[in-house]
Structures are given as C-alpha cells and as structure tokens.
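See below for the structure under consideration.
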Amino acid sequence: MADKATAEPDWVRCERCAALVYGKRYTRTLRVCPECGAHGRLTARQRLDQLLDAGSCRPLAAERGERPAEHDPLGFTDTRPYAERLREARAETGMDEAVVCVGGTVEGQPAVVAAMDFRFLGGSLGLEVGTQIIRAARTSLRRRVPLLLVTASGGARMQEGALSLMQMARTAQALAELDEAGVLVVSLVTDPTYGGVAASYATLADVILAEPGARLGFAGPRVIQQTTGERLPEGFQTAEFLLSRGLIDDVVPRAALRPTLARLLRLRSGEGAARPGARRPAERPRPATVPRGPAVRVVRTADELPERDAWEAVRLARHPMRPTAADYAAHLLQDFHELHGDRLAADCPAVIGGPGLLHGSPVMLIGHHKGGPGLEERRRRHFGMATPAGYRKAARLMRTAAKLGMPVVTLIDTPGANPGLEAESGGQALAIAENLRLMSRLPVPVVAVITGEGGSGGALAFAVADRVLVSANGIYSVISPEGCAAILWKDPGAAPAAAAALRLHARDLLRLGIVDGVVPEPPDGAHGDHAHAAALVGGALSAALDELRPWAPDRLLAERRDRFHRFGRLEEEAAP
C-alpha cells in the first residue's frame, strides 16, 4: 500500500523556533529548519526516498507475496478496540505496519533497510513489526549485505501485552545471528526512539548514528521525573547528550547521511567474521587488486641502526609536533569515519578509532591522540593517556573488526595509562587487562606501530599484535625514565641515566626482539614532515598486512601466542 505522506503546505512553522519557512524550501532542505536546524520528522517512505538510490528500492514482502494480517491477540480494548485503531492507522498512513522493509542501494552500496514510521501507532513494536525486522535481518544474512535500521518509536505496543515484550528478545536474537555471520549492522536513530526498540535492535548495531536532536532512551523524561523527582540535565537523552557520554558513535545531519552511510557500507569486508576453527580454506586469499603503498624498507636487524643517545630518543619521541593518530588517519585512510564511545559511560578523547581504507583495503584503525601543539588541546586529550573508557572503546572497535573480518591497526603514542582518581575508580587496571586478553584472541591480523612514546601498560594494551613496529624515533618502556629515576635512583634528575639503562629506543628494542622492525622517519623526524612520515608508516603497514591477510585464524592465534611466549622461559611438560 502506498505511503500517504501529505503534500507540504505553502508555509511551515518550525516547532522549535516558530520561524515560518516556505514549504518548497522546507522540502528542499529535507524538512530541516534553515533558521535553527531542527530536524522535522520524516515518514518511512520519505526516509527511503532520501537515503536510497532512485529506482533501487524493492519491498521485501513482495519477494514472498506476503501481506501482514491484522493481529489482535488479546482482544484489547481501552477507549476503543485495538482492531479499530489498527484499521485507522492503516487508512491514515497508507502503511500495513509501523515499519517498511526493503532492499536497495546507497550510492551504489547494497543494503537491506528497515525504516520505522512514528505516525503508525507511535512506531510501536508489536508482533508484526518484530516479524518484519526479523525478516529484514534474515534477508540481510541470506544476501550477505549490511542491515540498516532506521528507528522511530515510542516503545513496545501495549495493546499486544507481553507478546509485544517478546519482540525485543526475538529481534535481539536475529541481530545475534548477524553478529555470528559477520554481517555489518548500522542503526540510524531518529526522533524519538524509546522503550522496547531502544532496548533491543536500535542499540545492538555495530555502528549507531543519530540525527541532531534525536532522543533515545528506555524511559522517557516525563516518566523519569515523575518516578524519581529529579531535575534532568539540559538536553537529556538527545543525540548530542548521548554522544558526550559514549553511548552512540556519531551525530550526523540529515544532508550528510547518504554519503556517511555509503562510506560505512563500502567498508564491509565481504568475508564476515574469521573465527578460529571455522570451516574455511587453510589460508585466506589476499584481496584482489589492492593498491600498494610506497615501498618502504623496514629495518629488521639492530646492527643496521646507529647507536643513539637514549635521552635524545626520549626527547624526539615526545616532540609536541609529532603526528597524532588523527594526522595519520587523515593522510593514510580513505573513507575514515571516527566512531565514538565505549557504549557504557564515556568517550575518551585520548583514543580515536574507526574504519577506513588503507591503500584500498578495509582496516580498523585505533590510536592514541595526544592533541595538537597547543597546551589546551593536549590537556583536553589527556596528553594521550587513555581512561578506562578509552580502552573499552578500543575493545569495542576491535570486536567489530573481528566480526567483519577486518584487520586491526593500532598507532601507539602515550606516556602511559591515565593516572587520575577517576580513572582508577573506573577500573583502569581491569580495562587494560581485558584488552590484553581480547587482543591475544582476535581472529584477524593485528599490526601495531609505536609512532612516538610507548609508555608502560597503557601502550601494551594496544600492542598485543602479530607484528609490532616502532618508528625510528619512537621509544617503548615499562616505565617513564623520570618514574624509574625517582624510584630506583631516588632522584628524578637521573632520568637520562634511567633512559639509558631501560634500553627503550628503537635499536635496543629491535635487538631484544620486543619489536619486529623499525620504520624509517623523514630526515628531520616525523614532526618535520607529517605527510612523509605517514607515507612511510603506511608502506610498512601495507607490507605487514599483505603478509598476514592470507593466514587462517588458527595460524594467526598460534603465532601471536608464540611471539609473546618468547619473552620468557616456559618449559613444556610432556603429556602424561
């Protein structure tokens, strides 16, 4: 049945700022107020027309010749019978239910899309909506293409009682199947998304985007205030509020949604999750026709490197103009999209990460961000010292990479883990330990590059990798020279002597086997030429990934384990 979206009136009054906007202009701006930026609601059909390529939209129900029946499992009546409300919603919207599920393309990238419509009984989640979401997920699984969920809902459908509650579990199970199969799921949260939808498929996606001002939560503000009597923070449950608390990945204006979604869909690996023990060829083929980066000679033996003054190495590694992970991402990756938050409580600014194309092949980049040369920005980034939320964000991105069969690239430049009271209270040690365990079992290639300062466990939490490289002016140590001097020399001024004793610069790291290779830097150092430094790192990364990509997951895990077992003495006991 066709969508009965009404024509735009000659003039539209913005619900937020009360400005009058010419109707045709409002349509051209995709129903975004040109005065205040408020995003007006779209119908499901308008949403599909905006996001999908013209002529690509194909309803999923038409593939099976099915039409949803009227469901009234409880014979529910409040002031009116539920069956009557259903018939009225269908007549007023021209829709069969509160969701439309289709296949189509976004800038040429295939996807299955489930778009909800708030006009239909508040976009509530009932039996038929749950069934349609599951059908979309299974179609996505069968076609091996990403699933895009566009949500708008007041919650579960009360008129269907506990049966509507069960749809939360049903849809969560369907998305779990996509997780196991390694199929990308992207959620676009629109205003409003509450209750059972918020607590199921809207927030179980690999990437969660939201429109500006969109509200997302389990209980609405009115219910919270009435129940608790608390005054809610300004902007509570809006997309911007949720982004600042690490609960969504990004806030994207409506005009930028199509290109943003296309970039994300383009990064799907096509291979899905690479799990140890899975039935796959012993070796995975390297992606065909992957453009190469510049040829870079990574130094493999310590004798090829000159003797260095250790304290000078420390000084260069800490140079405030050295490129950050954000600089490397900008120079190296095509279609990089930074993802935010640990999905629990915060978005640590000292860690950035997201997917992108490295010389034509998808990778998940994660790195420390010390901030620019300005002191204020460096403070905002905690000088690259991650909080527990930073390690949890990194872990989330690594799990997503593992699900999609995407290599992980980490760029390490940190004095160490954040030493603050809040970080300790938030479980800093546990967050680091969890990353060490997670990285040891990631079934995808992992390459780490120490691009500057590799400080203690804060660095190691990103460096349990198949290949660990260090830039020529990088350092890697169990503790800072100042800390070591204060503890062992009882004199912080002995830091240069401690630096020499710690053997923390590239030549000694290579001799000890801590790193597998040293990446050259521009003649004046990475801080003098970011583009050249990035090209050298990119070439080294490409060479390492070309070697590792064909390896089966079992081989990756076995050799990664053996690499770290070499740093100690372990006598294998004979089997009884």
Could you tell me if Arg41 sits above the aromatic ring of Phe118, with its cationic atom closer than 6.0 Å to the ring centre and no more than 45 degrees from the axis?
yes
Going by the rule side-chain contact (heavy atoms from CB on, under 4.5 Å), which residues pair with Ala172 if we only count those two or more places apart in sequence or in a different chain?
Leu204
Using a 3.5 Å distance criterion without hydrogens, assess whether the side chain of Thr190 forms a donor-acceptor pair with backbone atoms of Thr151.
yes
Which residues share a side-chain contact (heavy atoms from CB on, under 4.5 Å) with Phe76, sequence neighbours left out
Asp72, Leu74, Asp78, Tyr82, Gln159
Side chain to side chain donor-acceptor pair (under 3.5 Å) for Glu128 and Gln132? Distances and angles first, verdict last.
CA-CA 6 Å; Glu128 186 57 34; Gln132 295 290 349; 2.7 Å; yes
Are Leu257 and Arg47 close enough that some pair of their side-chain heavy atoms sits under 4.5 Å apart?
yes
Run the side-chain contact (heavy atoms from CB on, under 4.5 Å) test against Pro355 and tell me which residues pass, sequence neighbours left out.
Leu264, Leu267, Leu339, Met364, Met406
I need the Leu358 CG to Ser361 OG distance, nearest 0.5 Å.
7.5 Å
Check: Gly123 main-chain N/O paired with Ser153 side-chain donor or acceptor under 3.5 Å:
yes
Start with the C-alpha distance between Thr29 and Arg254, add both sets of side-chain angles, then the distance that settles side chain to side chain donor-acceptor pair (under 3.5 Å), and finish with yes or no.
CA-CA 9 Å; Thr29 61; Arg254 190 168 289 167; over 6 Å; no
Would you say Asp117 and Val99 make side-chain contact, with heavy atoms under 4.5 Å?
no
Side-chain donor/acceptor of Ser164 to backbone N/O of Gly161, under 3.5 Å:
yes
Is the shortest heavy-atom distance from the side chain of Leu333 to the side chain of Leu365 under 4.5 Å?
yes
So Arg245 and Asp347, salt bridge (charged side-chain N to carboxylate O under 4.0 Å, His left out) or not? Walk me through it.
CA-CA 6 Å; Arg245 279 144 179 88; Asp347 180 39; over 6 Å; no
Test salt bridge (charged side-chain N to carboxylate O under 4.0 Å, His left out) applied to Glu84 - qualifying residues, sequence neighbours left out
Arg80
Asp342 side chain to Leu344 backbone, donor-acceptor under 3.5 Å:
yes
Quick one: CZ on Arg45 to OG1 on Thr93, what's the gap to the nearest 0.5 Å?
11.5 Å
Mark yes when over 12 heavy atoms from residues, nucleotides or ligands other than Glu15 sit less than 6.0 Å from its CD; otherwise mark no.
no
Sequence-distant partners of Arg215, salt bridge (charged side-chain N to carboxylate O under 4.0 Å, His left out), two or more places apart
Asp191
Pair Val447, Leu545 - check side chain to side chain contact (heavy atoms under 4.5 Å, CB included), show working.
CA-CA 7 Å; Val447 179; Leu545 290 173; 3.7 Å; yes
Is there a side-chain contact between Val21 and Pro34, using heavy atoms and a 4.5 Å cut-off?
yes
Tell me if the CZ atom of Arg258 is crowded by more than 12 foreign heavy atoms within 6.0 Å.
yes
Quick one: CE on Met166 to CG on Leu127, what's the gap to the nearest 0.5 Å?
10.5 Å
Donor-acceptor pair, Arg31 side chain versus Arg28 backbone, under 3.5 Å?
no
Could you tell me which non-hydrogen atom of Arg13 sits nearest to which non-hydrogen atom of Ala18, and how far apart they are?
NH1-O, 3.1 Å
Taking all heavy atoms of Ala394 and all of Asn435, pick out the closest pair and write down the distance.
CB-ND2, 4.1 Å
Residue pairs passing the ring-ring contact (aromatic ring centres under 6.0 Å, His included) test with at least one member in residues 325-345, sequence neighbours excluded, are none
Go through the steps to decide whether Thr43 and Met95 satisfy the test side chain to side chain contact (heavy atoms under 4.5 Å, CB included), and finish with yes or no.
CA-CA 10 Å; Thr43 69; Met95 298 174 62; over 6 Å; no
How close do Lys393 and Gly341 get, counting heavy atoms only, and between which atoms?
CD-N, 3.4 Å
Is there a donor-acceptor contact under 3.5 Å from the side chain of Asp53 to the main chain of Gly108?
yes
Any donor and acceptor pair, going by atom type alone, linking the side chain of Gln167 with main-chain N or O of Leu163 inside 3.5 Å?
yes
Going through the checks in order, is the side chain to side chain contact (heavy atoms under 4.5 Å, CB included) test met by Leu20 and Glu35?
CA-CA 9 Å; Leu20 281 176; Glu35 300 298 325; over 6 Å; no
Considering the options Asp206, Asp249, Ile366, which one meets the side-chain contact (heavy atoms from CB on, under 4.5 Å) requirement together with Arg396?
Asp249
Looking only at heavy atoms, the pair that brings Ser56 and Thr105 closest together is OG-N, 3.2 Å
Rounded to the nearest 0.5 Å, what's the gap from CG on Leu216 to CD on Glu211? Could you check?
13.0 Å
So, the side chain of Thr193 versus the backbone of Ala198: is there a donor-acceptor pair under 3.5 Å, distance only?
no
